[in-house]
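Some notes on the structure that comes next.
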Amino acid sequence: MAGAHRFAASVIIPTYQRRDMLVANLRSLLASDMAPDAFEIIVADDGSSDGSFEAVREISQAETGTRQIRYVHQQDEGYRTGRARNLGIALAEGEVCIFLDCGIVVSQGFVRGHVEAHAEPNRVVLGYLYGFTNTGDNGEALAHVLDESLDLADVDATLARLRALGTYPDMREPIYAGCGDRLADLPAPWAIGWGGNISVRRETLGERIRFDEAYRTWGAEDIDFSLALHEAGATFALARAGAGIHLPHPKSHEVNARSSRPNKIYLNEKFKRPETALLIDVQSWDLNDALMRGERAATG
């Protein structure tokens with residue numbers, strides 16, 4: 001590989017107190033169709049005390065190939081996912097940094113899908129997340145499907161079933177369909193550049209673009225990251241081949257809303273754009289539609 005990169009990709013996985021999900025995540029990654037020496041895995045732990053380290057060590061020791069699995073841990077001082085991801089970036093030796101939440105299991109072609117989507121330089125690539133909603137209200141039904149069919153060594157088979165059912169798309173699918181998957185046509189593609197399944201070349205990050213560690217509660221830190229990349233000139237693309245399944249787990253829409261609003265106010269104070277001002281009172285997945293409605297009204 002050219003330059004100082006040892007791997008085609010580094011998969012950076014932030015985690016906190018989700019040992020069982022992390023294990024499922026790692027086992028699905030180890031079934032990748034890419035060679036063991038093509039990418040590394042970095043688990044960036046935000047202070048877990050639930051045996052996550054021991055689980056990662058056990059999996060790493062049992063891995064008979066040449067896959068590099070590394071683990072970095074920081075003290076539990078509250079929500080510091082941004083800093084955990086930055087620790088992963090600091091360790092990364094891959095040409096492409098893939099940020100993947102621990103509550104996701106991925107297809108065998110997941111890493112390859114992200115890497116191949118970076119054939120053009122200076123891109124931010126969004127992977128596809130089946131079963132991902134803002135409320136988690138499909139969780140019980142999806143859990144039933146996964147209990148019946150999920151094989152971590154062959155997640156593709158379950159993905160085929162989900163596609164056939166047609167009831168568990170990525171919640172951003174209406175946005176993707178509306179722009180024909182051409183994210184560059186959206187007025188604010190960064191608003192849906194969420195951190196659960198997203199990638200960027202290490203050279204695009206440079207030494208300046210990182211997750212803002214001032215975010216200490218859930219919400220908007222990934223949008224901040226995507227907007228910083230957008231302002232630096234990166235373009236956004238969708239990689240449907242970089243697919244995963246968002247594992248059902250409880251979430252509180254009310255708590256998340258309370259947490260995210262102050263963060264969105266901070267984001268607006270930082271970037272001072274009309275779009276970020278609108279985002280304070282508009283959900284991120286609705287922002288592009290709101291902007292396009294405003295454009296139509298202004299020209300109508």
Can you name the closest pair of heavy atoms from [X] and [Y] and give their distance?
X: Ser28; Y: Val106; value: OG-N, 3.1 Å
X: Gly94; Y: His5; value: O-ND1, 3.3 Å
X: Ala24; Y: Leu247; value: CB-CD1, 4.4 Å
X: Thr81; Y: Pro14; value: CG2-CB, 3.9 Å
X: Leu279; Y: Ser284; value: CD1-CA, 3.7 Å
X: Gly109; Y: Asp33; value: CA-OD2, 3.6 Å

Indicate yes or no: does Arg70 engage Glu40 in a salt bridge with an N to O separation below 4.0 Å.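 Salt bridge: yes.
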Flag the pair Asp37 and Arg6 as a salt bridge only when some basic side-chain nitrogen lies within less than 4.0 angstrom of an acidic carboxylate oxygen.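 No, no charged N to carboxylate O under 4.0 Å.
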Are [X] and [Y] in one and the same hydrophobic cluster, where Ile, Leu, Val, Met, Phe, Trp and Tyr link if side-chain heavy atoms are under 4.5 Å apart?
X: Val125; Y: Ile198; value: no
X: Tyr215; Y: Ile280; value: no
X: Tyr16; Y: Tyr79; value: no
X: Met34; Y: Val11; value: yes
X: Leu267; Y: Ile265; value: no

Can you check whether [X] reaches [Y] side chain to side chain, under 4.5 Å on heavy atoms?
X: Leu238; Y: Arg240; value: yes
X: Thr158; Y: Val105; value: no
X: Ile245; Y: Tyr168; value: no
X: Gln74; Y: Asp46; value: yes
X: Ile223; Y: Phe225; value: no
X: Ser32; Y: Phe110; value: no
X: Phe39; Y: Glu93; value: no
X: Asp289; Y: Leu291; value: no

Would one find more than 12 heavy atoms of other residues, nucleotides or ligands at under 6.0 Å from atom [atom1] of [X]?
X: Glu54; atom1: CD; value: yes
X: Glu173; atom1: CD; value: yes
X: Arg27; atom1: CZ; value: no
X: Gln75; atom1: CD; value: no

In Å and rounded to the nearest 0.5 Å, what is the [atom1] to [atom2] distance from [X] to [Y]?
X: Ile42; Y: Arg85; atom1: CD1; atom2: CZ; answer: 13.5 Å
X: Asn122; Y: Arg201; atom1: CG; atom2: CZ; answer: 9.5 Å
X: Arg261; Y: Asp281; atom1: CZ; atom2: CG; answer: 4.5 Å
X: Asp101; Y: Ile12; atom1: CG; atom2: CD1; answer: 12.5 Å
X: Thr133; Y: Asp170; atom1: OG1; atom2: CG; answer: 10.0 Å
X: Asp76; Y: Ser48; atom1: CG; atom2: OG; answer: 8.0 Å

Kindly say whether [Y] contributes a backbone atom to a donor-acceptor pair with the side chain of [X] at under 3.5 angstrom?
X: Asn86; Y: Phe211; result: yes
X: Lys264; Y: Leu278; result: no
X: Arg161; Y: Ser149; result: no
X: Asn288; Y: Ala191; result: no
X: Asn25; Y: Ile104; result: yes
X: Arg123; Y: Ala117; result: yes
X: Glu221; Y: Gly219; result: yes
X: Asp45; Y: His73; result: no
X: Asn263; Y: Thr217; result: yes

Using the ring-ring contact (aromatic ring centres under 6.0 Å, His included) criterion, which residues pair with Tyr130? Sequence neighbours excluded.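 ring-ring contact (aromatic ring centres under 6.0 Å, His included) list for Tyr130, sorted by chain: Tyr128.
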What pairs with Asp154 under salt bridge (charged side-chain N to carboxylate O under 4.0 Å, His left out), at least two apart in sequence or on another chain?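 Not a single residue meets the salt bridge (charged side-chain N to carboxylate O under 4.0 Å, His left out) criterion with Asp154.
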Could you check whether His144 and Glu140, counting side-chain N and O atoms only, form a donor-acceptor pair closer than 3.5 Å?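 No, His144 and Glu140 have no side-chain donor paired with an acceptor closer than 3.5 Å.
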Return yes if a side-chain donor-acceptor contact under 3.5 Å exists between Asp224 and Tyr266, otherwise no.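 No, no side-chain donor-acceptor contact under 3.5 Å.
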Run the side-chain contact (heavy atoms from CB on, under 4.5 Å) test on Ile41 and Arg67 for me, step by step, so that the C-alpha distance in whole Å, both residues' side-chain angles and the decisive distance to 0.1 Å come before the verdict. CA-CA 8 Å; Ile41 299 169; Arg67 176 83 67 229; 4.2 Å; yes
Evaluate Glu213 against Arg80 for salt bridge (charged side-chain N to carboxylate O under 4.0 Å, His left out), listing each step before the verdict. CA-CA 7 Å; Glu213 297 177 13; Arg80 295 195 295 160; over 6 Å; no
Which of parallel (below 30°), tilted (30 to 60°) and perpendicular (above 60°) describes His246 and Phe132?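 Aromatic pair His246/Phe132 classed tilted.
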Parallel, tilted or perpendicular: rings of Trp190 and His230 (30°, 60°):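 Tilted.
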Under the criterion salt bridge (charged side-chain N to carboxylate O under 4.0 Å, His left out), I'd like the reasoning laid out for Arg83 against Glu77: C-alpha separation, chi angles, the key distance, then a yes or no. CA-CA 11 Å; Arg83 185 173 188 274; Glu77 297 179 5; over 6 Å; no
